[in-house]
Amino acid sequence: MALHGGALRLNLLVSSRNLYKFNSLIGVRSLSEKVSSKPESSSSSETTSDHLIYTQEHFALKETLRKIIDQEINPYVDQWETEGKFPAHKIFKILGSAGFLGVNKPVEYGGLGLDFSYSVAVSEELGNIRCGGVPMAIGVQTDMTTPALARFGSAELKEEFLLPSIMGDKVACLGVSEVGAGSDVSSIVTKAVRKGDEYVINGGKMWTTNGIQADWMCLLANTSEGAPHRNKSLICLPMNLPGVHIARKIEKLGMWSSDTAQVFFDDVRVPCKNLIGQEGMGFTYQMLQFQEERLWAVANIITMMDNVIQETIQYTRERKIFKQPVLYHQAVHFRLAELQTELELLRSLLYRATALYIKGNDVTKLASMAKLKAGRLARELSDSCLQFWGGMGFTSDVLVSRFYRDSRLLSIGGGADEVMLGIIAKYMDTLPRK
Amino acid sequence: MSGRVLVGVKRVIDYAVKIRVKPDNSSVVTDGVKHSMNPFCEIAVEEAVKLKEKKLIKEVVAVSCGPQQAQETIRTALAMGADRGIHVQVAGKDYESMGPLQVSKIMAALAKKEDAQLVILGKQAIDDDCNQTGQMTAALLDWPQGTFASEVALEGDKIKVVREIDGGLETIRINTPAVITADLRLNTPRYATLPNIMKAKKKKIANMKPEDLGVDLTSRLEVLRVDEPPQREAGVKVETVEDLVGKLKDAGRV
């Protein structure tokens with residue numbers, strides 16, 4: 001009948017438009033499992049008035065970001081993972097235009113001047129991206145390369161580098177880690193030697209997320225002799241300068257959609273005005289943002305872990321073994337209950353640290369604890385859940401195997417577990433006394 | 001003409017959520033379930049904001065009827081560019097029994113009160129699929145209606161509406177004031193950008209009750225029972241067309 005024909009036509013047009021994932025516009029909303037739905041996790045409950053740190057604006061922010069993720073990012077993730085890179089300029093422009101790349105950055109440069117709880121909300125929502133690489137790349141742009149510039153850079157420098165990064169017109173990367181120096185940042189060897197009006201830079205950087213596509217790098221280099229914590233500076237380095245060699249794209253166990261580069265500097269000349277803040281303060285500037293970096297990473301992976309648990313529940317509910325759903329076996333639902341419990345504990349720690357931080361407190365200890373726990377829980381959780389997926393978990397077709405690979409990085413990057421433990425011990429005053 | 005457009009926005013269960021029926025079969029589970037603005041209402045808001053950006057109208061007023069949470073939906077409309085909101089408070093049993101007739105009475109009363117030039121609604125809500133509110137509102141106001149609009153063009157004191165109908169497209173020209181209902185292809189709703197979300201905080205939402213508008217919410221309908229659709233049975237394979245016809249006859253389908 002005519003109505004049905006109309007429904008079919010609309011369905012076809014809808015899917016070709018790739019607008020909304022409606023199953024049917026005319027009548028019955030499908031109850032089938034085909035709709036990629038899951039019961040909402042507790043972090044996004046309806047009762048906005050009850051939430052510890054989020055207001056209605058935070059939830060509105062998350063809703064819009066979720067739409068962007070559903071429409072502009074998730075449909076392409078599988079392809080980007082296979083290709084080993086995602087279109088950073090395109091995605092950052094979309095996010096920048098919607099205001100998501102400068103949430104806690106100054107209003108004068110296109111930011112929103114909001115407090116860190118909004119950054120946490122953004123990070124949480126980005127965890128709905130079905131890979132780790134893209135959120136990581138976004139986090140590098142918003143919370144690793146630009147905080148020091150926003151706080152200490154000159155107006156001219158901010159105009160040239162901060163503003164376009166917030167608008168999504170320029171892609172940034174962070175040049176801190178080197179082949180010989182990761183956790184031990186103070187032992188980096190890249191030098192920036194003052195010659196007249198310029199710095200001449202020699203050395204190299206490693207593990208540079210966004211390195212292949214970046215327009216500029218926030219570079220940490222030695223600018224003088226002396227104490228290793230006081231002789232380094234941050235410099236805004238355009239990546240197209242002569243002497244900057246992007247040596248190779250690094251092939252990794254996970255985070256495939258994020259391009260990670262090894263970069264060499266061969267007598268690269270950059271104007272001295274590209275120095276961020278004061279010479280010798282580079283190390284300190286980077287350290288100031290560690291709390292934010294770490295809490296950001298935690299917020300992100302909590303959502304991913306929530307999603308993995310939910311998908312595992314869905315899968316094991318349908319998959320039968322010995323005549324009943326895998327989920328009905330006590331070992332399975334008990335283990336999932338344990339994991340969910342730990343996840344909620346981590347979430348509480350995140351919100352507690354965030355609440356204290358936006359009030360102006362130093363939360364280094366709590367942030368380090370949260371990062372430590374997040375990295376370890378992600379490994380346990382992905383391992384247990386993958387086991388419950390059985391053979392399917394071992395295939396490339398499912399989220400859990402990608403999460404297993406991607407999440408392994410958290411215990412290593414952004415401050416390795418061992419570094420976190422050292423920080424916590426320092427706060428507990430249990431380190432060997434000199 | 002006042003240059004004011006009223007846009008109705010409804011808070012519904014999010015399209016991606018798996019609907020579950022309550023154990024007592026009285027209704028569906030809504031507690032703790034993700035809700036958002038009805039997608040067709042988003043399209044309606046977008047159209048109104050577009051008209052304002054083209055300077056064809058002066059003010060966009062977003063209206064929602066429901067409990068406290070309806071304010072979130074109004075805020076989304078404000079973040080998309082509506083100027084102010086009106087929250088008509090309906091809660092409890094009244095809200096459960098509220099349907100197109102009650103909402104259209106409210107919309108009609110507000111259209112008169114606000115001296116609206118245009119009322120834009122989504123063509124239907126994705127929870128009840130009624131596709132009635134726009135039509136009823138127009139009837140109560142005795143205004144012309146342009147439903148299932150895939151294109152709207154203001155031409156002086158008239159409006160040209162291209163309508164999506166079963167056979168194709170129908171173009172009509174109607175007088176203002178009028179009621180328009182938005183269909184899928186009318187536009188692509190904008191993202192509520194973060195700066196606009198923050199700006200929306202400062203926009204005003206007026207609160208009122210149906211009694212303030214002289215509207216009686218009594219429903220003439222009673223929901224007897226809500227059931228899930230029957231589980232899909234396995235199919236049956238047949239060898240020949242004759243077998244197929246035979247089976248259809250046996251099942252009383254032919």
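Lettering follows sequence order; numbering is per chain, from 1. Side chains included, hydrogens not; waters and symmetry mates left out as well; all remaining heavy atoms used.
Closest approach of B/Pro195 to A/Gly99, counting heavy atoms only: CD-CA, 3.9 Å.
Counting heavy atoms from C-beta on, the side chains of B/Leu194 and A/Val103 come closer than 4.5 Å.
Along residues 109-121 of chain A, the residues that come nearer than 4.5 angstrom to chain B, judged on non-hydrogen atoms, are A/Leu112, A/Leu114, A/Tyr118 in order of number.
Remark: the backbone N or O of B/Ala192 is paired with a side-chain donor or acceptor of A/Thr64 at under 3.5 angstrom.
Taking CD of B/Glu42 as the reference point, atom NZ of A/Lys67 lies at 4.0 Å (rounded to 0.5 Å). The line from OG1 of B/Thr193 to CG of A/Leu61 is 10.5 Å long, rounded to the nearest 0.5 Å. Between the CD1 atom in B/Ile197 and the CD atom in A/Glu63 there is a gap of 8.5 Å [rounded to 0.5 Å].
Partners of B/Lys201 by salt bridge (charged side-chain N to carboxylate O under 4.0 Å, His left out), not counting sequence neighbours, listed by chain and number: A/Glu57. For B/Thr171, the side-chain contact (heavy atoms from CB on, under 4.5 Å) criterion is met by B/Lys160, B/Val162, not counting sequence neighbours. By the salt bridge (charged side-chain N to carboxylate O under 4.0 Å, His left out) test, B/Arg163 is found to be paired with B/Glu170, residues two or more places apart in sequence or in another chain being considered.
The local environment of NZ in B/Lys22 is crowded, with over 12 non-hydrogen atoms from other residues, nucleotides or ligands closer than 6.0 Å.
Per-residue heavy-atom pair counts under 4.5 Å with chain B were compared for A/Ala60, A/Gly102, A/Ser97, and the maximum is reached by A/Ala60.
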